[in-house]
K.L.:
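First the structure, then my questions, so here it is.
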Amino acid sequence: MKPALVVTAPVQAVRYDGGRRERALGFAREVARNRPALVGLVLMLLVVAAATLGRWWFPGDPWEMAGSPMLWPGEDAAHPLGTDFMGRDLATGLVSGAGVSLLIGLVSTVISACVGITVGALAGYYRGRVDAVLLRVIEVFQTVPSFVLAVVLVALFKPSVATVVFAIGIVSWPPTARLVRSQFLQLREREFVLAGRTAGMSHARLILTQILPNALPPVVVVSTLAVAHAIQTEAALAFLGLGDPNVMSWGTIIGSGREQVTDAWYICGLPGLAIVVTVLAFNLLGEGLNDAMNPHLRRR
């Protein structure tokens, strides 16, 4: 009997780790088979590389008048993407804008996800009056268009990166809250949750260790799409002059070049293309993650 016990324990541990590893490899294979997801991942890596490594190639100040005004792309080797109407190098501005857009998009999405997960988890787990009150709060935020509310919040405070991040994060959480609430309503009656209650687990422990990990996969997909929306919102705010005046972003470049769009369309076109590529990258990656995490879509 003793040798049998010694042999059995390691076998069970190996099977457990192997199952975990197989699930991870299966998920990676599903993402690798999804061509749009791979395209999105490649595009996203290019944007990240531009934001992190681009400063090595274009280390100048994006606000500095580095050359003659309105040089077209390719006209001067010192300014491969041209200059704007003030002689500022567009390549340096685009590299700087990539870092700003990614920073604002990611941080505001983290804020939005934290608020949405908290509200949705409380509403879906406790139900009853708590659910009714929190649903009213969600509906109040969804009554006002998110972009209009973001404009009001930024206008009330001094425009800065922190203000823009806070405004976008605060107006973007209701969809995440509704998704998490629906997940919690389904999961709270599952057998493993009932077993946890029977074992004497507290509400906080049930929420954090049993229900939330199983509700996170769709939240990851929504958050990926939310990053793209946050980047668009930041560009729109900067275009309206509500961005940080000390930071060069893609929306700032478009806003400053809109009066020259007929004579030098590239001033608006290049940052606009950068926004399109970045938003497309996150959308394709989000759809690929959704296909990989959804068993019904995999079978289809």
Side-chain angles (χ1 to χ4, degrees), residues 44 47-48 51 96-124 133-184 207-208 212 215-252 254-255 274-275 278-283 285-286 289-290:
M44 187 183 69
V47 175
V48 172
S96 176
V100 173
S101 295
L102 289 177
L103 173 66
I104 293 178
L106 293 173
V107 177
S108 61
T109 300
V110 170
I111 295 174
S112 171
C114 290
V115 176
I117 289 173
T118 302
V119 174
L122 294 176
V133 171
L134 292 178
L135 274 179
R136 298 295 84 77
V137 174
I138 295 173
E139 290 172 358
V140 168
F141 273 85
Q142 290 186 315
T143 300
V144 183
S146 60
F147 181 71
V148 174
L149 184 56
V151 169
V152 172
L153 290 174
V154 174
L156 287 176
F157 304 96
K158 181 180 178 181
S160 64
V161 172
T163 303
V164 172
V165 167
F166 174 77
I168 296 176
I170 288 300
V171 304
S172 304
W173 63 267
T176 303
R178 286 191 174 275
L179 175 63
V180 173
R181 173 182 175 272
S182 65
Q183 291 290 109
F184 267 67
I207 291 174
L208 295 175
L212 185 58
L216 281 181
V219 177
V220 173
V221 176
V222 170
S223 297
T224 305
L225 302 177
V227 174
H229 182 263
I231 292 174
Q232 289 178 304
T233 304
E234 183 278 329
L237 290 172
F239 177 82
L240 295 176
L242 294 174
D244 192 328
N246 300 315
V247 173
M248 180 71 73
S249 70
W250 291 335
T252 303
I254 296 175
I275 294 173
T278 305
V279 170
L280 179 64
F282 280 101
N283 283 338
L285 185 60
L289 291 175
N290 186 40

K.L.:
Measuring from atom CG of L106 to atom CD1 of I111, what distance do you get when rounded to the nearest 0.5 angstrom?
P.N.:
11.5 Å

K.L.:
Drop me the distance from R181's CZ to R178's CZ, to the nearest 0.5 angstrom.
P.N.:
7.0 Å

K.L.:
Below 4.5 Å, heavy atoms only, C-beta onward: do V171 and V144 meet side chain to side chain?
P.N.:
no

K.L.:
Is the backbone of L179 close enough, under 3.5 Å, to the side chain of S182 for a donor and an acceptor to pair up by distance?
P.N.:
yes

K.L.:
Compare every heavy atom of T118 with every heavy atom of C114, then report the nearest pair and how far apart it is.
P.N.:
O-OG1, 2.8 Å

K.L.:
Would you check if the side chain of S108 reaches a backbone N or O of G105 as a donor-acceptor pair within less than 3.5 Å?
P.N.:
yes

K.L.:
Main chain of G97, side chain of S101: is a donor-acceptor contact present, judged purely on distance under 3.5 Å?
P.N.:
yes

K.L.:
Hey, does I231 have a side-chain heavy atom less than 4.5 Å from the side chain of I104?
P.N.:
no

K.L.:
Taking all non-hydrogen atoms of both residues into account, name the closest pair between I138 and P174 and its distance.
P.N.:
CG2-CB, 3.9 Å

K.L.:
Quick check: do V164 and D244 have side-chain heavy atoms less than 4.5 Å from each other?
P.N.:
no

K.L.:
Any heavy-atom pair between the side chains of V154 and F166 that's under 4.5 Å?
P.N.:
no

K.L.:
Can you see which heavy atom on T176 is nearest to which on V222, and at what distance?
P.N.:
OG1-CG1, 4.0 Å

K.L.:
Has T163 got a side-chain atom pairing as donor or acceptor with K158's backbone, closer than 3.5 angstrom?
P.N.:
yes

K.L.:
Looking at every heavy atom in both A51 and L102, which two are closest together, and how far apart are they?
P.N.:
CB-CD1, 3.8 Å

K.L.:
Any chance you could measure L285, atom CG, to L280, atom CG, to the nearest 0.5 Å?
P.N.:
11.0 Å

K.L.:
Taking all non-hydrogen atoms of both residues into account, name the closest pair between A215 and F184 and its distance.
P.N.:
CB-CE1, 4.1 Å

K.L.:
Using 0.5 Å steps for rounding, measure from the CD1 atom of I170 to the OG atom of S146.
P.N.:
13.0 Å

K.L.:
With rounding to the nearest 0.5 Å, note down the distance linking NE2 in H229 to CZ in F282.
P.N.:
14.5 Å

K.L.:
Applying ring-ring contact (aromatic ring centres under 6.0 Å, His included), name anything that partners W173, two or more places apart in sequence or on another chain.
P.N.:
F141

K.L.:
Around F147, counting heavy atoms of other residues, nucleotides and ligands shown, do more than 12 lie under 6.0 Å from its CZ?
P.N.:
yes

K.L.:
I need the S172 OG to L149 CG distance, nearest 0.5 Å.
P.N.:
9.5 Å

K.L.:
Ignoring hydrogens, what is the shortest heavy-atom contact between A150 and A167? Give both atom names and the distance.
P.N.:
O-CB, 4.1 Å

K.L.:
Would you mind telling me which of V227, V165, I168 makes a side chain to side chain contact (heavy atoms under 4.5 Å, CB included) with V107?
P.N.:
V165

K.L.:
Would L134 and L122 count as a side-chain contact (heavy atoms from CB on, under 4.5 Å) here? Give the steps.
P.N.:
CA-CA 8 Å; L134 292 178; L122 294 176; 3.8 Å; yes

